[in-house]
Amino acid sequence: IILILLSQLRSKALYSKPSSNTVKEHVKVIGSTYDDCEAVLCLLLEYLSDTSMDSKAKEKFANSLPSLGHLHQKYGIDAAVAWMLCRPLVRKSMFYMDDGKLLAASKSGSLSPGEPPAYLKPFTTSSPEMTTSYQSLLPSAAWENITPTMFETFYSLAIYDMVCPEERYNIDIDRLKKECERLTQLQTGGAA
């Protein structure tokens with residue numbers, strides 16, 4: 001509940017209009033409130049989904065968190081923030097086979113092979129609940145230009161998943177430098 005309230009407060013800090021009997025807040029106060037809400041939201045989310053102290057932390061978190069669609073529709077949370085709240089569970093459902101305990105449970109027969117545990121099913125990107133909630137998260141005009149797969153891939157990735165292809169950039173930079181040198185030499189009248 002605190003995550004939901006912080007998410008709503010974060011949004012209201014930016015977009016709420018002052019009433020006639022209140023004084024307009026200074027931009028720095030609004031920015032500071034927004035930043036504080038964001039920091040506390042991230043820390044709380046990290047704490048609630050951290051399995052280093054409690055191996056069942058993600059299960060408890062999944063059981064207490066509303067679905068992606070409910071976060072957006074019922075609680076009025078922005079799509080990006082709703083995804084931020086659900087991302088640890090979405091990623092866990094995507095990579096549950098990497099978890100040794102869940103893999104052992106799958107092999108022992110307590111889980112059906114190839115399927116995530118029941119607490120992760122609402123957060124599985126292929127689940128009907130998730131795919132039907134996508135349509136309400138963006139305006140209908142946006143769906144003319146992107147696919148649901150692209151949408152879920154964009155929001156399910158973390159910043160740590162993105163890698164800069166440095167080697168490729170360095171090869172192209174060297175190629176362009178050589179081309180510049182060649183053109184400069186041609187311009188000055190030298191042989192290329």
Any ion pair linking Glu181 and Lys178 (charged N to carboxylate O, less than 4.0 Å)? no

I would like to know whether Met84 and Glu38 meet side chain to side chain contact (heavy atoms under 4.5 Å, CB included); could you show each step before the answer? CA-CA 11 Å; Met84 182 177 83; Glu38 180 74 15; 4.1 Å; yes

Got more than 12 heavy atoms from elsewhere within 6.0 Å of CG, Leu176? yes

With heavy-atom distances below 4.5 Å as the criterion, would you say the side chains of Thr125 and Thr153 are in contact? no

Tell me whether Leu44 is reachable from Met53 by hopping between hydrophobic residues (I, L, V, M, F, W, Y) whose side-chain heavy atoms are closer than 4.5 Å. no

Students should find that the hydrophobic cluster of Leu5, defined by side-chain heavy atoms under 4.5 Å apart, otherwise consists of Ile1

Using side-chain heavy atoms (C-beta onward) and a distance below 4.5 Å, is Leu48 in contact with Leu65? no

Could you pull out the closest heavy-atom pair between Tyr75 and Pro66, with the gap in Å? CE1-CG, 3.7 Å

Over all atoms of both residues, closest heavy-atom pair of Ala79 and His72: N-ND1, 3.8 Å

Around Glu166, counting heavy atoms of other residues, nucleotides and ligands shown, do more than 12 lie under 6.0 Å from its CD? no

Does Trp143 belong to the same Ile/Leu/Val/Met/Phe/Trp/Tyr cluster as Met150, with side-chain heavy atoms less than 4.5 Å apart forming each link? yes

Taking Asn63 for the side chain and Glu59 for the main chain, is one N or O donor matched with an acceptor at less than 3.5 Å? yes

Without swapping roles, check the side chain of Ser93 against the backbone of Leu120 for a donor-acceptor pair under 3.5 Å. no

If Ile, Leu, Val, Met, Phe, Trp and Tyr residues are connected whenever their side-chain heavy atoms lie under 4.5 Å apart, and connections chain through other members, are Leu9 and Ile2 in the same group? no

Residues 124-153 vs salt bridge (Lys or Arg N to Asp or Glu O under 4.0 Å), sequence neighbours excluded, gives none

Please examine the side chains of Tyr119 and Lys56, heavy atoms only from C-beta on, and report whether any two atoms are closer than 4.5 Å. no

Is there a side-chain contact between Leu3 and Phe61 (heavy atoms, below 4.5 Å)? yes

Are Leu43 and Leu45 connected in a single hydrophobic cluster, I mean Ile/Leu/Val/Met/Phe/Trp/Tyr linked by side-chain heavy atoms less than 4.5 Å apart? no

Within the side chain of Ser32, is there an N or O that forms a donor-acceptor pair under 3.5 Å with the backbone of Lys28? no

Can you spot which of Leu137, Leu71, Ile77 makes a side chain to side chain contact (heavy atoms under 4.5 Å, CB included) with Trp83? Leu137

Report yes if the side chains of Pro116 and Thr124 come closer than 4.5 Å at any heavy-atom pair, otherwise no. yes

Residues Val90, Leu68; criterion side chain to side chain contact (heavy atoms under 4.5 Å, CB included); working and verdict: CA-CA 10 Å; Val90 170; Leu68 179 69; over 6 Å; no

So do Glu179 and Arg182 actually touch side chain to side chain, heavy atoms under 4.5 Å? yes

